[in-house]
There are 2 protein chains.
Amino acid sequence: MNPGSPSPRAASDIPHAATLQDVAREAGVSLATASRVLNGSERKVAGAFRERVERAAEALGYTPNVSAQATARGHSPVIALLVADIADPYFGQIAAGVARGADEHGLVVTISITERDPERENRILRALRGQRPQGLILAASRADDAEGGSASAELEAFERYGGRVVAFGDLPGDGDGDAGVRTIVIDNAGGAEELGRRMAALGYRSAIGIGAAEGVRTSDDRLNGFTRGFATGGGTMDRIHRGDFRRESGAEAMAAALEEGVEPSTLVFGMSDVVALGAMSAIRAAGRAVGADIAVCGFDDVSASGDVTPALTTVRVPLNEAGYQAFRAIVDDGWIQAPLPVEVVVRGSTPGLA
Amino acid sequence: MNPGSPSPRAASDIPHAATLQDVAREAGVSLATASRVLNGSERKVAGAFRERVERAAEALGYTPNVSAQATARGHSPVIALLVADIADPYFGQIAAGVARGADEHGLVVTISITERDPERENRILRALRGQRPQGLILAASRADDAEGGSASAELEAFERYGGRVVAFGDLPGDGDGDAGVRTIVIDNAGGAEELGRRMAALGYRSAIGIGAAEGVRTSDDRLNGFTRGFATGGGTMDRIHRGDFRRESGAEAMAAALEEGVEPSTLVFGMSDVVALGAMSAIRAAGRAVGADIAVCGFDDVSASGDVTPALTTVRVPLNEAGYQAFRAIVDDGWIQAPLPVEVVVRGSTPGLA
DNA sequence: ATGAAAGCGCTAACAT
DNA sequence: ATGTTAGCGCTTTCAT
């Protein structure tokens, strides 16, 4: 139907919600007084008035109109979260952490889905600016440079008017103007390196990597880190199959790898658990076994990883905490990132080689 | 210092974002004209003016201030979604569906977490009303009556001013005023009943149920439906262990059941996959095997269910679609629910008994 | 077709 | 301590 949206309902017989005016009148005080007791900053109103206002508000079922407050104040109590896919457990955990923090501060979080489409992301970014949110959290992993240009411009605009931007992933491009962007850095390279070392120690010598397209930082860092650590122990990364972050992508990449032939005792490293889980299903679908035959490990430690059999070896990342920190990075002025400990968790999918 | 805004940042050197005024001035037209071309309803402005305004907007990087539009229009372009826990895949899928729809209509979705705490839910509901959202989607499963009173009042208030409320689950309490609430009904009882029948046909005769507290509709419906169908085939539900919707709760309930003793070939029905997954891990932790020894089935078919080994038998619910429908229920005036087909999916966790 | 001006509900100087 | 009164940025009659 038509844009701009005529009100949802009939529009005529809608009893307007009680306004501050209504409350003030009902309580027999001025608008200002009502505002002060209901929303203003603490002590200032005499007990008698205060009580009358409160009673009136209660009686009328008054709720402050957030939009009006926002236009008057110049900023709204919202934190905008950008994720690639909210159904993905990785983002789900992060979102939960952000929501937890926002809630403590009475802020509301809006969430937008980029579907990993850079163009879409830019559109969203622009629209989001219109919300004049307190802050913006970019959790959607992107290829940093591909579209850095226009996104960067959008972000700058964002900060220019006072909004705070925090991004997941690595430090922003080399001083290209994103100076104000705070980043939640997860030690992808370090965790993966340690994982590689541990896998080599377990006896593995040959690995296949499954990652996203080149240029996607998270993927690259994990793949490189793993390769480095694995090499330290004498292992070599034979080949890398690329796709994206979806489970099906992991399954497809693994199927392709299997097609080319995969020797027993080979280790498959999926750049994320979701992808590794997909790979596991492809291995089974091909009639091979996960573990003794083909070993698999991932990264993130989403909850499903502990449920599969054999359970998935991975690197635990405190995602919920990371989300919470992203929130703090927005509201705390002197924020400095607290380290997010990543930890290798060895499970059944990578049995020790005799 | 400037009025109306001690903004989050330094406050002094913040270049205000371009306003409609700025654009109008820059384009040499009136505020009204600028408004019309930038946001107003279609054709009305002469091509020449229209172009100048567009160019000016572009040059200034203008983005409409959503809050201001909302106060002027009387309603904001937001859909508020209430879930118990966004990290739970059940809600994650629903949220994805809602987001998909909202996005198509240029609406933003805000999400709030109830943590399954009724009191918290009421607080949130009240705050949400202040956002004057277009609609409200209640996906957090609640015990319908426990706190129906105050929640109901809140919802009524919500609708009174023109907001649409849609709830997941069953028809609202018996005509208690929730008349306007649209519901997305998922055939929990029917799906569970069919599942029970199928399980009996597989040869199972004795089952243990794991559910939430009595009074929680979703749980009750599934448990009852299953029991009914299972009985049809000659099976009996021996006992029910209660907890909540969390994975750990499922594990605890299962541990308790194991403590009391569980005969081989018993079937465990978890009211949700997440709970069933928790039960599976408890079974393994106790040194028993899932499948041939103790069979397990769940409900929802979240993605992890297909990944575990043995894969979990369950009832597939089109959650993403359900979320999308919830969205449609808010924006479509003559909305009527399209059926959401549930389907039993038998997998390895419930092998046929010889 | 365009512009002037009156709100929308609320906040925050600025008086008193 | 309370009330007055400008705004906030935008939409929308109502004239012209």
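Numbers restart at 1 for each chain; the letters A, B, ... are given by sequence-line order, proteins then strands.
For C:dC10, one of the phosphate oxygens OP1 or OP2 lies less than 4.0 angstrom from a side-chain nitrogen or oxygen of A:Tyr62. Neither OP1 nor OP2 of C:dC10 sits under 4.0 Å from any side-chain N or O of A:Thr71. Using a 4.0 Å cut-off, some side-chain N or O of A:Asn39 falls inside it from OP1 or OP2 of C:dT11.
Formation of a donor-acceptor pair under 3.5 Å by the A:Asp332 side chain with backbone atoms of A:Gly334 is not found in this model. B:Thr71 places no side-chain N or O within donor-acceptor distance of the main-chain N or O of A:Ser67, the cut-off being under 3.5 Å. In terms of modelled atom types and a separation under 3.5 Å, the side chain of A:Arg52 and the main chain of A:Ala27 share a donor-acceptor contact.
Rounded to 10°, the angle separating the first-five-pair axis and the last-five-pair axis of the helix from C:dA1-D:dT16 to C:dT16-D:dA1 equals 40°.
For the segment residues 17-27 of chain A, residues with any heavy atom less than 4.0 angstrom from an atom of DNA chain C are, sorted by number, A:Thr19, A:Leu20.
Within the 4.5 Å cutoff, the side chain of A:Thr110 has no heavy atoms near those of the B:Val109 side chain.
Between the NE2 atom of A:His16 and the C1' atom of C:dG7 there is a distance of 15 Å, rounded to whole Å. Here the P atom of nucleotide C:dG9 and the CZ atom of B:Arg73 are 15 Å apart, to the nearest Å.
Salt-bridge formation is detected for the pair A:Asp88/A:Arg116: a Lys NZ or Arg NE/NH1/NH2 atom is positioned less than 4.0 Å from an Asp or Glu carboxylate oxygen.
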Expected rows: protein N/O vs nucleotides 3-5 of chain C N/O, under 3.5 Å:
{"from": "C:dG3", "atom 1": "OP2", "to": "B:Ser30", "atom 2": "N", "distance (Å)": "3.0"}
{"from": "C:dG3", "atom 1": "OP2", "to": "B:Ser30", "atom 2": "OG", "distance (Å)": "3.1"}
{"from": "C:dG3", "atom 1": "OP2", "to": "B:Thr33", "atom 2": "OG1", "distance (Å)": "2.6"}
{"from": "C:dG3", "atom 1": "N7", "to": "B:Arg36", "atom 2": "NH2", "distance (Å)": "2.6"}
{"from": "C:dG3", "atom 1": "O6", "to": "B:Arg36", "atom 2": "NH1", "distance (Å)": "3.4"}

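When each of C:dT11, C:dC10, D:dT11 is scored by its nearest atom to the side-chain atoms of B:Ser35, the top-ranked nucleotide is D:dT11.
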